[in-house]
Amino acid sequence: MNRKTYYLILAFLFIAIFSFSNFACANKKKLSDDELLEHVQKTTFKYFWEFAHPISGLARERSNKTFGYGVEVVTTGGSGFGVMAIIVAADRKWISRKQAVNQLLKMVNFLQKSDSYHGVYPHWLNGETGKTIPFSINDNGADLLETAFLFQGLLSARQYFNQENAKEKELVVKINQMWNAVDWNFHTKGENVLYWHWSPDKAWAMNHKMGGWNECLITYVLAASSPTHPISPEVYHQGWTKTNFFINDKSFYNINLPLGFDFGGPLFFSQFSFLGLDPRGLKDNYADYWEQNLHHTLINRAYCIDNPKKFKGYSEKSWGLTASDSHAGYAAHSPLEDLGVISPTAALSAFPYTPEYSMQALRHFYEDFDGKLFGKYGFIDGFSESKNWYADSFLAIDQGPIIIMIENHRTGLLWQLFMSCPEVQTGLSKLSFIKTNSTKKL
């Protein structure tokens, strides 16, 4: 073969490969919005199904070993999110209803034998033994917020799995037994406020009052809803709302913020309590909670677009500051604590509030990073383009809201279930909440 022929063949091969590559790219099917949402939810669900603790069935705290503990640590609050994720999976037929019930019974049976304190569960349990794993030196007992997150999920499951068969009846009975055992009123210490922690050997040493505005609203709602150990309305009106950072009523980026810290704080404030608690038209003496959550989200996004610290990558497509892992350790990212880290869960768990903007962020995270952000259990916990840092972790409390809030955006399923609890309706009425049909749109 002479040199001319050789180069002609090489040129032909190059053209053929280039043409085939372009053809393949052009014909690669782009997922529709609905297909992409389904794919993200289903992949993220693997965290709570494939990665669930094999003995307890509860959700592991995180996917990586760090902070001196390993995969034996399960999270009670994150497991509540996992319960809600299992409901979504059963409803969307990713797993059978029977599989879902069997897994939930495994979880509930384990919890009934695990450490609890006046019916209140600790933040962390050992997934093999059910024994408390201390969260800190003085935090080695009851955690009222984590317990509230757990029961937000369990009560939703009780409402969903209501068929007349032995296993679903058993599940309902056991959830009711656990629900009735929680002594919410004990955590007032006889005062008009809820205390977050109690320890069997340190008592009230943490001395942490649950005052708003933050992620703890669900605790007061459930405490008022308890059929056995309820709090009085005064605990809500004098404890939750009487802080220096409850009422805000200032504007940021020309958007009014009814409650909370300046710029709203991390986005989980508008997400964790509202996985089951439906904010649409929900009002009380202090705020319209749809407006609060929508405005909080819009301010957070506007801050990222403004990007006053000039971090690389922030834009109308890349936004969302909330608590997550970072290059500097775990941090409660917000406009007032901005380390240049975007947490995908922030924008994705805001889907019910800002569907158009959240979809922009979802497509950017999924399509524009060559797979760096999307892995075995969905989106990684955080990333910083400024630091060229990408988390190697997934956390239960960040993965769960992605599945749940996308579902609330698509069908409202978890909102419908939780709000169908008669006790919750009683509790909301007791605290002077009302529900209307009006919601402010973007």
Between K387 (side chain) and G340 (backbone), is there a donor-acceptor pair under 3.5 Å? no
I'd like to know if the side chain of Q99 and the backbone of S96 have a donor-acceptor N/O pair within less than 3.5 Å. yes
Taking side chain as C-beta onward, heavy atoms only, is L37 less than 4.5 Å from L362? yes
Using 0.5 Å steps for rounding, measure from the CG atom of N293 to the CG atom of L259. 9.0 Å
Sub-6.0 Å ring centroid separation between F383 and F369: yes
So W290 and W415, would you call those rings parallel, tilted or perpendicular, with 30° and 60° as cut-offs? perpendicular
Aromatic rings F263 and Y303: how do their planes relate, parallel, tilted or perpendicular, breaks at 30° and 60°? perpendicular
Mutual orientation of the aromatic rings belonging to F246 and W213 [parallel < 30°, tilted 30-60°, perpendicular > 60°]: perpendicular
Is the shortest heavy-atom distance from the side chain of M419 to the side chain of K435 under 4.5 Å? yes
Look at the side chain of S432 and the backbone N and O of D284, then say whether any donor-acceptor pair between them is shorter than 3.5 Å. no
Would you mind reporting whether I397 and F272 have side-chain heavy atoms less than 4.5 Å apart? yes
Can you confirm whether K189 is buried at NZ, in the sense that more than 12 heavy atoms of other residues, nucleotides or ligands lie under 6.0 Å from that atom? yes
Determine, stepwise, if the pair K376 / E50 fulfils salt bridge (charged side-chain N to carboxylate O under 4.0 Å, His left out). CA-CA 10 Å; K376 184 177 182 181; E50 296 178 2; 5.2 Å; no
What's the spacing between T76 OG1 and L58 CG if we round to 0.5 Å? 8.5 Å
Would you say S429's side chain and Q425's backbone share a donor-acceptor pair under 3.5 angstrom? no
Does W198 reach the side chain of H187, with side-chain heavy atoms less than 4.5 Å apart? yes
Heavy atoms of A332 and E337 approach each other most closely as O-OE1, 3.3 Å
Is the number of heavy atoms from other residues, nucleotides or ligands under 6.0 Å of K209 NZ greater than 12? no
Expected output: side-chain D183 to main-chain H229 donor-acceptor under 3.5 Å: no
Polar side chain donor-acceptor pair, E423 to W179, under 3.5 angstrom: yes
Donor-acceptor check, side chain of Q399 to backbone of Y377, threshold 3.5 angstrom: yes or no? yes
At what distance, to the nearest 0.5 angstrom, does CG of L171 lie from CG of N176? 9.5 Å
Strictly by modelled atom types, are Y117 and T132 linked by a side-chain donor-acceptor pair under 3.5 Å? yes
Quick one, F161 with I87, criterion side-chain contact (heavy atoms from CB on, under 4.5 Å). Give me CA distance, side-chain angles, the key distance, then yes/no. CA-CA 9 Å; F161 295 101; I87 296 169; 4.0 Å; yes
Using the side-chain contact (heavy atoms from CB on, under 4.5 Å) rule, take K283 and E291 through it: C-alpha gap first, then chi angles, then the decisive distance, then the call. CA-CA 9 Å; K283 303 175 183 179; E291 179 183 6; over 6 Å; no
Using the ring of each side chain (for Trp, its six-membered ring), is H197 parallel, tilted or perpendicular to H208, with breaks at 30° and 60°? tilted
Mark yes or no for whether R60, through its side chain, and F51, through its backbone, hold a donor-acceptor pair below 3.5 Å. yes
Scanning both residues in full, the closest heavy-atom pair of S393 with R62 reads CB-NH1, 3.8 Å
Rounded to the nearest 0.5 Å, what separation is found between the CG atom of L275 and the CD atom of Q152? 5.0 Å
With no hydrogens and no angle check, is any side-chain donor or acceptor of Y220 less than 3.5 Å from a backbone partner on M210? yes
Nearest 0.5 angstrom please: H237 NE2 to L431 CG, how far? 6.0 Å
Taking the six-membered ring for Trp, are Y289 and F433 parallel (under 30°), tilted (30 to 60°) or perpendicular (over 60°)? tilted
Please check if the number of heavy atoms outside D370 that lie under 6.0 Å from its CG is greater than 12. no
Hey, does S358 have a side-chain heavy atom less than 4.5 Å from the side chain of M405? no
Please round to the nearest 0.5 Å and tell me the distance separating atom NE2 of H53 and atom OG1 of T75. 13.0 Å
Is a donor on one side and an acceptor on the other found under 3.5 Å between the side chain of S273 and the backbone of E215? yes
Using the six-membered ring wherever Trp is involved, compare the ring planes of F245 and F261 and label them parallel, tilted or perpendicular (cut-offs 30° and 60°). parallel
Nearest non-hydrogen partners of D325 and H333, listed with the distance: O-NE2, 3.8 Å
Can W204 and F186 be said to form a ring pair (Phe, Tyr, Trp, His ring centres under 6.0 Å), step by step? CA-CA 11 Å; W204 304 103; F186 174 75; 5.2 Å; yes
Between the side chain of N109 and the main-chain N/O of K106, is any donor-acceptor distance below 3.5 Å? no
Check whether any side-chain heavy atom of P122 lies under 4.5 Å from a side-chain heavy atom of I133, and answer yes or no. no
Heavy-atom pair with the smallest gap, counting every atom of G313 and E385: CA-OE2, 3.3 Å
Give the minimum heavy-atom separation between P279 and F274, together with the two atoms involved. CB-CD2, 3.7 Å
Begin with the C-alpha distance, continue with both residues' side-chain angles, and end with the deciding distance and a verdict on salt bridge (charged side-chain N to carboxylate O under 4.0 Å, His left out) for E367 and R363. CA-CA 6 Å; E367 296 172 351; R363 288 210 171 272; 2.6 Å; yes
Tightest non-hydrogen contact, residues V101 and K167, listed as CG1-CB, 3.9 Å
Could you go step by step and tell me if W184 and L222 meet the side-chain contact (heavy atoms from CB on, under 4.5 Å) rule? CA-CA 8 Å; W184 306 90; L222 287 174; 3.9 Å; yes
For a 4.5 angstrom cut-off between non-hydrogen side-chain atoms, does Y314 reach L321? yes
Is there a donor-acceptor contact under 3.5 Å linking the side chains of T411 and E407? yes
So S324 and T345, do their side chains get closer than 4.5 Å, heavy atoms only? no
Taking side-chain contact (heavy atoms from CB on, under 4.5 Å) as the definition, give me every residue that meets it alongside D368, ordered by chain and number, with sequence neighbours left out. K317, H364
Yes or no on side-chain contact (heavy atoms from CB on, under 4.5 Å) for Y121 and L150, after CA distance, side-chain angles and deciding distance? CA-CA 9 Å; Y121 287 92; L150 175 64; 3.9 Å; yes
F379 and Y366 aromatic ring geometry - parallel, tilted or perpendicular at 30°/60° bounds: perpendicular
Should the pair H39 and F374 be assigned to parallel (<30°), tilted (30 to 60°) or perpendicular (>60°) ring geometry? tilted
Whether over 12 other heavy atoms sit under 6.0 Å from K202 NZ: yes
